[in-house]
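Read the structure below first, then the notes.
Values below: all heavy atoms of this structure, side chains included; hydrogens, waters and symmetry mates excluded.
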Amino acid sequence: MALFMTNYHGWDIVTANNRAGDRRKAMGGFLFMNATPTTTRLWGEVYERFTGEMERYHLENGTHGGDMSILNAVIHTQLVKLQWLPEDQFFSGSWYHQRSKSTKMPIVIQQNMIIGADKKESRAKRWGHWFLSDDTKHCQGNPCEFIPFK
């Protein structure tokens, strides 16, 4: 947390990029929002849109974009002071397919870009990125000493 307080003070939102390339998309797993009037207004709009979207989903039984799709749409309608985390250190689940493009050790790899909790856990275990004990009560090993490249 000290990293964010020191390097990212003064921003409304600090987030990681959930998309490769030039089109940036905020990643919910790495979303830090300061309690500013701007973020309060923004989150209120996200909440209102999401509530409406979910009501339509239940009525139509169709698909919905979800809170992150709505957040990304709303971010661009507000005057948000937005700061992006270093893209070579904070990764989405796409890292598992694009790891050769990174020269730095990731700080965190989010377990997204795969559907299902069991599949996420399996992938993390396969890569040695799972540090929770089987009883889910203890951290195994020292993730800070771990080198994620295989």
Side-chain angles (χ1 to χ4, degrees), residues 1-99 101-102 104-127 129-139 143-144 146 148:
M1 199 56 154
L3 168 74
F4 297 100
M5 297 305 291
T6 303
N7 297 330
Y8 300 105
H9 180 75
W11 298 97
D12 292 320
I13 296 176
V14 178
T15 187
N17 186 12
N18 197 35
R19 197 169 276 231
D22 295 333
R23 279 189 72 208
R24 288 182 162 176
K25 184 177 175 186
M27 187 184 311
F30 300 125
L31 185 67
F32 300 90
M33 298 176 87
N34 283 322
T36 65
T38 301
T39 58
T40 301
R41 211 173 30 255
L42 175 126
W43 201 250
E45 187 173 338
V46 169
Y47 175 79
E48 291 298 321
R49 286 190 188 189
F50 185 69
T51 302
E53 189 75 24
M54 290 308 295
E55 287 174 9
R56 279 191 302 282
Y57 173 74
H58 289 297
L59 292 173
E60 300 167 7
N61 197 24
T63 60
H64 61 90
D67 56 340
M68 287 300 103
S69 295
I70 294 168
L71 173 67
N72 279 286
V74 172
I75 278 177
H76 301 294
T77 67
Q78 305 283 331
L79 296 175
V80 177
K81 290 191 285 181
L82 184 64
Q83 177 63 27
W84 298 94
L85 293 167
E87 291 184 31
D88 60 350
Q89 295 177 306
F90 291 83
F91 289 91
S92 71
S94 65
W95 179 87
Y96 292 98
H97 305 289
Q98 301 172 344
R99 63 193 172 280
K101 295 180 181 178
S102 174
K104 289 187 177 180
M105 180 177 330
I107 292 175
V108 177
I109 305 169
Q110 184 170 331
Q111 288 295 330
N112 64 354
M113 307 294 184
I114 190 170
I115 298 172
D118 291 339
K119 289 180 181 177
K120 293 173 191 234
E121 183 178 333
S122 177
R123 178 177 66 183
K125 285 180 176 178
R126 188 170 58 251
W127 281 86
H129 296 163
W130 190 261
F131 301 103
L132 190 60
S133 64
D134 289 337
D135 65 4
T136 68
K137 295 181 181 180
H138 307 354
C139 182
C144 295
F146 176 70

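Rounded to the nearest 0.5 Å, atoms CH2 (W11) and CH2 (W84) are 12.0 Å apart. The CG atom of N17 lies 10.0 Å from the NZ atom of K25; values are rounded to the nearest 0.5 Å. Here L42 contributes atom CG and Y47 contributes atom OH; the two are 15.5 Å apart, rounded to the nearest 0.5 Å. The distance from atom CH2 of W127 to atom CD of Q111, rounded to the nearest 0.5 Å, is 11.0 Å.
For E121, the salt bridge (Lys or Arg N to Asp or Glu O under 4.0 Å) test picks out K125, with sequence neighbours left out. Residues that satisfy the side chain to side chain contact (heavy atoms under 4.5 Å, CB included) test with T36, not counting sequence neighbours, are D12, N34, T38, T39.
The minimum heavy-atom distance linking V14 with L85 is given by the pair CG1-CD2, 3.6 Å. Shown here for R123 and Q110, the closest heavy-atom pair between the two residues is NH2-O, 4.3 Å. Contact record, M27 with S92: CE-CB, 3.4 Å, taken as the closest heavy-atom pair. Nearest heavy-atom pair across N72 and A26 is OD1-N, 2.6 Å.
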Could you go step by step and tell me if E45 and R49 meet the salt bridge (Lys or Arg N to Asp or Glu O under 4.0 Å) rule?
CA-CA 6 Å; E45 187 173 338; R49 286 190 188 189; 2.8 Å; yes

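The shortest distance between side-chain heavy atoms of T15 and I75 does not fall below 4.5 Å.
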